[in-house]
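The structure appears below as structure tokens.
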Number of protein chains: 2
Amino acid sequence: MQRTAAQTRVLDAALQLFAQYGVGGTSLQMIADSIGVTKAAVYRQFKAKDDIVIAATERGLGRLEEALEAAEAQPNAKRARDRLLRAVVDVAVEDRRLASTLQFDPVVVGLLASQPPFQQFIARLYGVLIGEAGEEARLGAAMLAGAIGVAVMHPLTADVDDDTLRAYLLKYARRLIT
Amino acid sequence: MQRTAAQTRVLDAALQLFAQYGVGGTSLQMIADSIGVTKAAVYRQFKAKDDIVIAATERGLGRLEEALEAAEAQPNAKRARDRLLRAVVDVAVEDRRLASTLQFDPVVVGLLASQPPFQQFIARLYGVLIGEAGEEARLGAAMLAGAIGVAVMHPLTADVDDDTLRAYLLKYARRLIT
DNA sequence: GTCTATATAACGATAGAC
DNA sequence: GTCTATCGTTATATAGAC
């Protein structure tokens, strides 16, 4: 989806506020104030608050789309999984706060559950990461999702630089899904 | 803190709604309706919504208090850590949805950050789990927190029974902090 | 402890001028 | 694309009777 400059400004401000206050704790007034316009100007770009949440999520997950397609085209399952895992870690580290907002915010979770395209995307992601595997593999994947999402924004890791964080995450992540 | 029966009814209803809709998405009207009384009756028990959130969190973390004290009294650091880890996993599994609400809800996180007693409790918890260790141990602990919190409520693990979940969580958890 | 009723503020969202 | 002004709803919270 191609966004105008005004829409991009709204999304940038919204994502920052969502990460800090949660989606439910972020009002359109706060978004408008943060950009320096009125609420009406924001509504001109997105006709409802839900649309802002959805667009923000699309932008966040969009960065994984390319990596997912590449992984699905890779015939070697183990290699596909490893490359996708690397992409997931990259995105999470690069956008530390966004990662946990999208994964854990109750409003985002509830909204995404009602949007089939998102469910399908997530299903494809896990399909590559754990295949059609059994109980133990599913549990490992669930722990992996939480481990990455939380580790990148946890106070304990706030002073860890990106490269180090990436390296450790990959190392431990492989322990969880191998 | 000793609670009256009326206060307990409020907390029970609040926790269930918090887990389902998030704290920000749960109004006092919803809590009152769920109990079958009016808002005014709820305000009689807790003078503000924040107080309900704090009391609910206290009750959730209170179940770890005893285990934490026992662990701190244990001279063998490795054994102390393992016993505390077991208690954390037990509480998380037993109250699957509550665990992630308390850890990840933006409102809870923001509110707890302004309550020194909670910060101290969390610091004590991590103190036993990772000691005064370095970067890698801190990162392992952060991943561990996310892994447990997410795994117990993830759709991928919804059909895994408690005993199996506990066993797997302990097994993988030890891979993260050893 | 619970009720009715209300104060006050903020929310999401829209109309219409510029 | 942004503004002022406003609608209708819901939120937190309180006063006072029973």
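In this text the structure is predicted, and so the values were computed from the model without any measurement. The sequence lines fix the lettering, A, B, ..., with proteins before strands; numbering per chain opens at 1.
- Each of A:V23 and B:Q7 has a nearest nucleotide on DNA chain C; the 5'-most of these lies closest to B:Q7.
- Distance CZ (B:F46) to P (C:dG1): 11 Å, rounded to an integer number of Å.
- Between B:S27 and D:dA11, a side-chain N or O to OP1/OP2 separation shorter than 4.0 Å is present.
- Of the listed nucleotides (C:dG12, D:dT4, C:dC3), C:dG12 has the atom at the smallest distance from the side chain of A:K49.
- Between the P atom of C:dT2 and the OH atom of B:Y43 lies a distance of 16 Å, rounded to the nearest Å.
- In this structure, B:R79 does not pair ionically with B:D82, as no charged nitrogen and carboxylate oxygen lie closer than 4.0 Å.
- With respect to the salt-bridge test (charged N to carboxylate O, under 4.0 angstrom), the residues B:D95 and B:R59 do not qualify.
- Closest approach to the B:Q45 side chain among D:dT2, C:dA15, C:dT2 is made by C:dT2 (side chain taken as heavy atoms from C-beta onward).
- Atoms CE (B:M30) and P (D:dT10) sit 12 Å apart, rounded to a whole Å.
- For the pair B:T38 and C:dT2, the criterion of a side-chain N or O lying under 4.0 Å from OP1 or OP2 is not met.
- We find that B:E65 and B:R124 are joined by a salt bridge, their nearest charged nitrogen and carboxylate oxygen being less than 4.0 Å apart.
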Practice prompt. Could you check A:R166 against A:D90 for side chain to side chain contact (heavy atoms under 4.5 Å, CB included), going step by step and ending with a plain yes or no?
Written response: CA-CA 7 Å; A:R166 243 189 303 269; A:D90 281 349; 2.9 Å; yes
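- Whole-Å rounding puts the B:K39 NZ to D:dA11 C1' distance at 7 Å.
- Rounded to an integer number of Å, the gap from A:K47 NZ to C:dA13 P is 9 Å.
- Considering only the side chain of B:Q29, D:dA11 comes nearest among D:dA11, D:dT4, D:dA15.
- Here the side chain of B:T4 is nearest to one of D:dT2, D:dT4, C:dG1, namely C:dG1.
- Side-chain atoms of B:D33 and B:Q29 include a donor-acceptor pair closer than 3.5 Å.
- For A:L28 and D:dT6, the CG to C1' distance is 16 Å, given to the nearest whole Å.
- Taking atom CG of residue A:L17 and atom P of nucleotide C:dG12, one finds them 12 Å apart after rounding to whole Å.
- Of the candidates D:dT2, C:dC3, C:dG1, C:dG1 carries the atom nearest the B:A6 side chain, counting heavy atoms from C-beta on.
- Separating the CG atom of B:D50 from the P atom of D:dA11 is a distance of 16 Å, rounded to the nearest angstrom.
- Mapping B:R44 and B:A48 onto DNA chain D by nearest heavy atom places B:A48 closer to the 5' end of the strand.
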